[in-house]
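No hydrogens, no waters, no symmetry mates; every other heavy atom, side chains included, goes into these values.
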Amino acid sequence: MEPIANADAAIRIDSHLDGTHERSLAEDVLDGLTRPFKELPPKHFYDARGAELFDRICELPEYYPPRAERAILNESAAELAELTNAAELVELGSGTAAKTRVLLDALHEAGTLRRYVPVDVTESMVRSSAEALTEEYPGLQVHGVIGDFERHLGRVPPAVGPRIVAFLGGTIGNFPPGSRRRFLREIARLLSPEDHLLMGTDLVKDPQVLEAAYDDAQGVTAEFNRNVLQVLNRELEADFDPEDFDHVALFDREHEWIEMRLRARREHTTLVRALDLSVHFDAGEELRTEISAKFTPERLEGDLSAAGLELVRWLTDPDELFALTLSRSADVAAVASNGSG
Ligand code: SAH
Ligand code: AVI
């Protein structure tokens, strides 16, 4: 492919958020803050400040997942490129696409790479990664999708060739188990017989290691957690004082997931003006802001198979902290094995 001289010509960005994202925040808050056990979905963490705090989390000594996932990618990107022959990388929850470059390098090297499709709810991330990557990879087309991957998967453009759908960082763990399978089934719909899903999952391990990863000594994760209250203050004219809440991170041994919560330091009532909603907190009452599920090979295979997917490769780092899995539609696997045997 001829290198494209004008980087702008290589970038297309579609935004699907206009107004609907604010609506979805309002509805999530109406649902979540009127429940007997208060809860907010984690996607609202990621305004510009939340995205910046998440980047700082990724540099923390306690937060091992990005380093472990990068180590796996460094070790296996060439094999993944060979197995997939991918012309296109679609990345869900792409963020700064920091680790994605390892994969793009391998596909570029293999000579198959044509297009990168980042999908993220944070507009600034999609725009800045599109600009950076078209400069770093001459000839690369970037078609960014600013949207909610739970609602806008249908807006991912048709494939330009064999495709990898990447879902890195362990973000699949932020879905509760039933929604996780439903979402994987939606992703499976993006896969034609020649396509693959490449997914990062954090693994079950010593609870102390897990809890430290979500309650770091510098307090960055606490700030990230409390930032969701600033999002509500700004977007919905709420009057939360983030200092009224303690950051809580604990490993639920039964479900094998981390829960992040905000615990009210004192009894108080907050007004969410845009919704005309007053929300009462008892002293010590907790608001759940995130679950982050940890996986075993069995849990992952169960989820993949429930979504009509079949494992092609299970890759892990030397300390078995994190796993990267390549899978494909189980229908393809069935056809291939019938055909060969
Ligand atoms: N993949 C990156 C970033 C992980 S952080 C990494 O591995 O480091 C999670 C990312 O998913 C953030 O960039 C956040 O903006 C995005 N995200 C979270 N919920 C989303 C949703 N519902 N739709 C689209 N993007 C979402
Ligand atoms: C994006 N997601 C996979 C992170 C996680 O580990 O669940 C978000 C995060 N929450 C606290 N620290 C990082």
Between Arg234 and Asp47, does any side-chain N to carboxylate O distance fall below 4.0 Å? yes

Taking the ring centre of each residue, are Phe251 and Tyr214 less than 6.0 Å apart? no

List for me each residue that meets side-chain contact (heavy atoms from CB on, under 4.5 Å) alongside Ala132, sequence neighbours excluded, and say none if there are none. Arg101, Glu136

Criterion side chain to side chain contact (heavy atoms under 4.5 Å, CB included) on Leu153 and Arg189, from CA distance to verdict: CA-CA 9 Å; Leu153 280 192; Arg189 290 218 199 110; over 6 Å; no

With a sphere of 6.0 Å drawn around CD of Glu320, does it hold more than 12 non-hydrogen atoms of other residues, nucleotides or ligands? no

Is it true that atom CD of Glu109 has more than 12 heavy atoms of other residues, nucleotides or ligands lying nearer than 6.0 Å? no

Would you give the length of the straight line joining atom CG of Leu304 to atom OG1 of Thr325, rounded to the nearest 0.5 angstrom? 5.5 Å

Could you pull out the closest heavy-atom pair between Val121 and Leu17, with the gap in Å? O-CD1, 3.3 Å

Applying a strict under-4.5 Å side-chain criterion to I, L, V, M, F, W and Y, I'd like to know whether Phe295 and Leu197 cluster together. yes

Take the angle between the ring planes of Phe281 and His268 and call it parallel below 30°, perpendicular above 60°, tilted in between. parallel

Can any side-chain N or O of Lys205 pair as donor or acceptor with the backbone N or O of Leu321 at less than 3.5 Å? yes

Would you please indicate yes or no on a ring centroid separation below 6.0 angstrom for Phe167 and Phe149? yes

Using modelled atom types only, decide if a donor and an acceptor are shared between the side chain of Arg328 and the backbone of Val312 within a distance under 3.5 Å. no

Would you say the ring centroid of Phe224 lies under 6.0 angstrom from that of Tyr46? yes

Under the rule for salt bridge (charged side-chain N to carboxylate O under 4.0 Å, His left out), what residues qualify as partners of Arg70, not counting sequence neighbours? none

Among Gln141, His143, Glu91, whose side-chain hydrogen bond (donor to acceptor under 3.5 Å, both in side chains) with Tyr116 holds? Glu91

Over 12 foreign heavy atoms within 6.0 Å of CD, Gln218: no

So, are Arg115 and Glu88 salt-bridged, with charged N and O less than 4.0 Å apart? yes

Around Glu75, counting heavy atoms of other residues, nucleotides and ligands shown, do more than 12 lie under 6.0 Å from its CD? no

Charged N-O contact under 4.0 Å between Arg265 and Asp244: no

Is Asp148 salt-bridged to Lys43, going by a charged N under 4.0 Å from an acidic O? yes

When you measure from the side chain of Asn225 to the backbone N and O of Arg261, does any donor-acceptor pair fall under 3.5 Å? yes

For Asp276, look at atom CG and say whether over 12 heavy atoms of other residues, nucleotides or ligands are found less than 6.0 Å away. no

Residues which pass side-chain contact (heavy atoms from CB on, under 4.5 Å) with Arg56, listed by chain and number, not counting sequence neighbours: Arg49, Leu53, Val220, Glu223

For a side-chain contact (heavy atoms from CB on, under 4.5 Å) with Phe45, tell me which candidate from Asn227, Thr289, Asn174 qualifies. Thr289

